[in-house]
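Count residues from 1 along the sequence.
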Amino acid sequence: MLRTFRGGLLIGLAVAIAVAAAAITYERYDTKTLKRTIRRGEVLCGVNKGLPGFSIPDDKGDWTGFDVDFCRAVAAAIFDDPKKAKFVPLDASERFKELQSRKVDILSRNSTWSMSRETNYDLYFPAVAYYDGQGFMLPRSRNIDSALDLNNSKVCVQEGTTTVLNVADHFRANNMKYTEVKFPKLEDVLKAYESGKCDTFTADVSQLYALRLNLIQPSDHVILPDVISKEPLAPVVRQRDDDWMMLVKWTLYAMINAEELGITSKNIDEALKSKKPDVMRLVGTEGAYGEDLGLPKDWAARIIRHVGNYGEVYERNVGEGSKLKIPRGLNSLWSNGGIQYAPPIR
């Protein structure tokens with residue numbers, strides 16, 4: 001009797017261990033983000049804690065911004081409801097780890113696409129949402145109009161970002177000296193700059209335009225025209241999750257293609273009646289392109305109706321229709337002198 005009990009106990013323990021191991025394996029290697037998102041009923045999106053024009057909450061906790069709208073576009077494609085996007089504010093130092101640990105489904109958080117980030121963090125950057133570059137902001141009173149005249153500057157920079165290496169490369173390549181003043185949080189970098197602990201602030205140009213609005217006298221500070229790096233900002237997802245990666249990538253491409261075709265949130269109903277083949281493929285009245293992504297045929301029409309095309313999102317958040325008024329530049333369509341270019345839906 002005792003042997004039977006012990007045998008049963010051992011078998012039970014073995015089964016429990018096997019179940020636990022299977023659960024750990026599932027949690028680590030299950031890659032069905034789309035299915036989990038649908039079961040949950042919302043998209044969990046990691047965003048910057050507060051960057052005007054890109055992701056910032058108001059007093060009521062309602063988020064706005066370029067990166068925020070992209071998350072809403074993903075939610076619109078899946079649920080036909082942009083309100084199904086839930087925003088999780090993340091520091092630069094924690095963003096990739098939190099994505100790896102499944103705290104969020106996607107990062108839409110002004111993150112630069114680089115080789116080391118893909119290989120070291122086991123992540124994937126599906127497509128470039130915003131072409132940026134690193135620049136410099138400094139008091140207008142310094143009377144400097146070129147990054148080649150910054151010798152012996154005290155430069156404020158956020159640690160844990162690509163910015164640190166870029167600024168080091170710039171000064172070394174041009175045989176200039178500088179003093180690096182680092183802080184882990186972006187808001188601390190801005191405070192240090194405004195308090196005079198440094199005389200130069202370096203970050204992505206888009207960030208500089210946004211952060212300048214938070215200074216007491218924004219007009220007293222100038223952003224130099226020099227761009228010292230390539231900073232392709234892209235949404236980020238986990239590797240080995242091809243279905244989710246494809247959905248995120250083609251959400252962006254649908255928005256870019258919509259702008260090229262002249263389809264907006266205001267004329268989407270007319271576009272649904274169009275007989276033009278490329279328009280019909282985009283809005284879902286021809287073909288099964290949405291179904292190939294695990295979505296309904298009208299997935300792209302949902303995005304455009306609820307969020308808008310790429311140009312609409314750009315203009316209202318960071319372009320001429322916003323406080324930032326950042327020129328489109330490289331982010332103009334390829335047909336308008338920029339490099340934003342989406343593969344066709346066909």
Side-chain angles (χ1 to χ4, degrees), residues 33-34 36-38 40-58 60-90 95 98-99 103-111 125-130 206 210 233-237 244-259 263-269 271 282-284 290 293-296 298-319 321-322 324 331 340 342:
T33 301
L34 177 57
R36 287 198 304 274
T37 298
I38 292 174
R40 188 194 307 123
E42 60 185 3
V43 179
L44 301 181
C45 186
V47 294
N48 194 302
K49 289 188 173 183
L51 185 63
F54 288 86
S55 59
I56 190 166
D58 62 17
K60 298 180 181 178
D62 295 325
W63 289 82
T64 57
F66 181 90
D67 292 338
V68 166
D69 276 350
F70 181 73
C71 288
R72 290 198 172 113
V74 173
I78 300 171
F79 300 109
D80 197 18
D81 185 355
K83 295 181 181 179
K84 294 290 186 179
K86 179 180 179 180
F87 303 103
V88 181
L90 299 172
R95 53 185 161 169
E98 295 292 22
L99 177 60
K103 182 175 181 178
V104 296
D105 302 313
I106 179 177
L107 279 182
S108 185
R109 192 204 174 283
N110 59 294
S111 298
F125 294 70
V128 178
Y130 188 98
S206 62
L233 307 183
V236 195
V237 297
W244 184 245
M245 180 272 292
M246 291 283 283
L247 187 155
V248 171
K249 175 168 65 176
W250 282 98
T251 293
L252 176 60
Y253 286 159
M255 297 167 75
I256 296 173
N257 274 314
E259 182 182 9
I263 305 173
T264 70
S265 58
K266 295 180 177 61
N267 66 19
I268 181 62
D269 289 330
L282 176 66
V283 301
L293 292 173
L295 299 173
D298 66 340
W299 65 285
R302 293 175 171 187
I303 294 170
I304 301 162
R305 183 185 304 280
H306 293 298
V307 182
N309 66 33
Y310 182 89
E312 288 179 282
V313 171
Y314 187 100
E315 290 305 318
R316 71 169 168 259
N317 289 300
V318 299
S322 73
L324 274 67
N331 292 293
Q340 274 295 4

> Rounded to the nearest 0.5 Å, how far does CZ of Phe70 lie from CZ of Phe54?
Replying inline: 14.0 Å
> In Å and rounded to the nearest 0.5 Å, what is the CD1 to CD1 distance from Ile263 to Ile304?
Replying inline: 5.0 Å
> At what distance, to the nearest 0.5 angstrom, does CG of Asp67 lie from OH of Tyr130?
Replying inline: 10.5 Å
>> Within the structure provided, determine whether Tyr310 and Tyr253 are in side-chain contact (heavy-atom separation under 4.5 Å).
In response: no
> Which heavy atom of Met255 sits nearest a heavy atom of Val313, and at what distance?
Replying inline: CE-CG2, 3.6 Å
> So, do Ile78 and Val43 sit near enough that their side-chain heavy atoms are less than 4.5 Å apart?
Replying inline: yes
>> Less than 4.5 Å apart, side chain to side chain, heavy atoms only: is that true for Phe79 and Thr37?
In response: yes
>> Testing the basics here: between Pro89 and Lys49, what is the closest heavy-atom pair and its distance to 0.1 Å?
In response: CB-CG, 3.6 Å
>> Working note: Ser206 + Leu233, criterion side-chain contact (heavy atoms from CB on, under 4.5 Å); need CA distance, chi angles, decisive distance, verdict.
In response: CA-CA 10 Å; Ser206 62; Leu233 307 183; 4.2 Å; yes
> Quick one: CZ on Arg316 to OG on Ser322, what's the gap to the nearest 0.5 Å?
Replying inline: 11.5 Å
>> I'd like to check the side chain to side chain contact (heavy atoms under 4.5 Å, CB included) partners of Ala234; sequence neighbours left out, ordered by chain and number.
In response: Trp113, Phe125
> Residues two or more places apart in sequence or in another chain: which of them pass side chain to side chain contact (heavy atoms under 4.5 Å, CB included) with Arg305?
Replying inline: Ile268, Asp269, Leu272
> Rounded to the nearest 0.5 Å, how far does CG of Asn331 lie from OH of Tyr314?
Replying inline: 5.0 Å
>> I'd like to know if the side chain of Asp298 reaches the main chain of Arg302, judged simply by a donor and an acceptor atom lying under 3.5 Å from each other, with no hydrogens or angles considered.
In response: no
>> Using the rule given for side-chain contact (heavy atoms from CB on, under 4.5 Å), can you reason through Val248 versus Ile106, listing the C-alpha separation, both sets of side-chain angles and the distance that settles it, and then say yes or no?
In response: CA-CA 9 Å; Val248 171; Ile106 179 177; 3.7 Å; yes
>> Is the ring pair Trp63/Phe87 parallel, tilted or perpendicular, if the boundaries are 30 and 60 degrees?
In response: tilted
> Tell me the side-chain hydrogen bond (donor to acceptor under 3.5 Å, both in side chains) pairs involving residues 70-90, sequence neighbours left out?
Replying inline: Asp80-His306
>> For the backbone of Asp105 and the side chain of Trp244, can you confirm whether one donor and one acceptor N or O come within less than 3.5 Å of each other?
In response: yes
>> Show the nearest heavy-atom pair for residues Gly308 and Ser265, with the distance to one decimal.
In response: CA-CB, 4.2 Å
>> As a quick check of understanding, evaluate side-chain contact (heavy atoms from CB on, under 4.5 Å) for Lys103 and Val88, giving each step before the final call.
In response: CA-CA 9 Å; Lys103 182 175 181 178; Val88 181; 3.8 Å; yes
> Considering the options Val47, Asp69, Thr64, Asn317, which one meets the side-chain contact (heavy atoms from CB on, under 4.5 Å) requirement together with Ser55?
Replying inline: Val47
> Would you say Glu259's side chain and Ile256's backbone share a donor-acceptor pair under 3.5 angstrom?
Replying inline: no
>> On a heavy-atom basis, which atom in Leu324 and which in Pro52 lie closest, and how many Å separate them?
In response: CD2-O, 3.7 Å
> So, for Ala75 and Ala85, which heavy atoms are closest and what is the spacing to 0.1 Å?
Replying inline: CB-N, 3.8 Å
>> Could you check whether any side-chain heavy atom of Leu90 comes within less than 4.5 Å of a side-chain heavy atom of Leu107, counting everything from C-beta outward?
In response: yes
> If you round to the nearest 0.5 Å, how far is CZ of Arg95 from CG of Asn110?
Replying inline: 7.0 Å
> Minimum heavy-atom separation for Ile303 to Ala73, with atom names?
Replying inline: CG1-O, 3.4 Å
> Taking side chain as C-beta onward, heavy atoms only, is Thr251 less than 4.5 Å from Pro235?
Replying inline: no
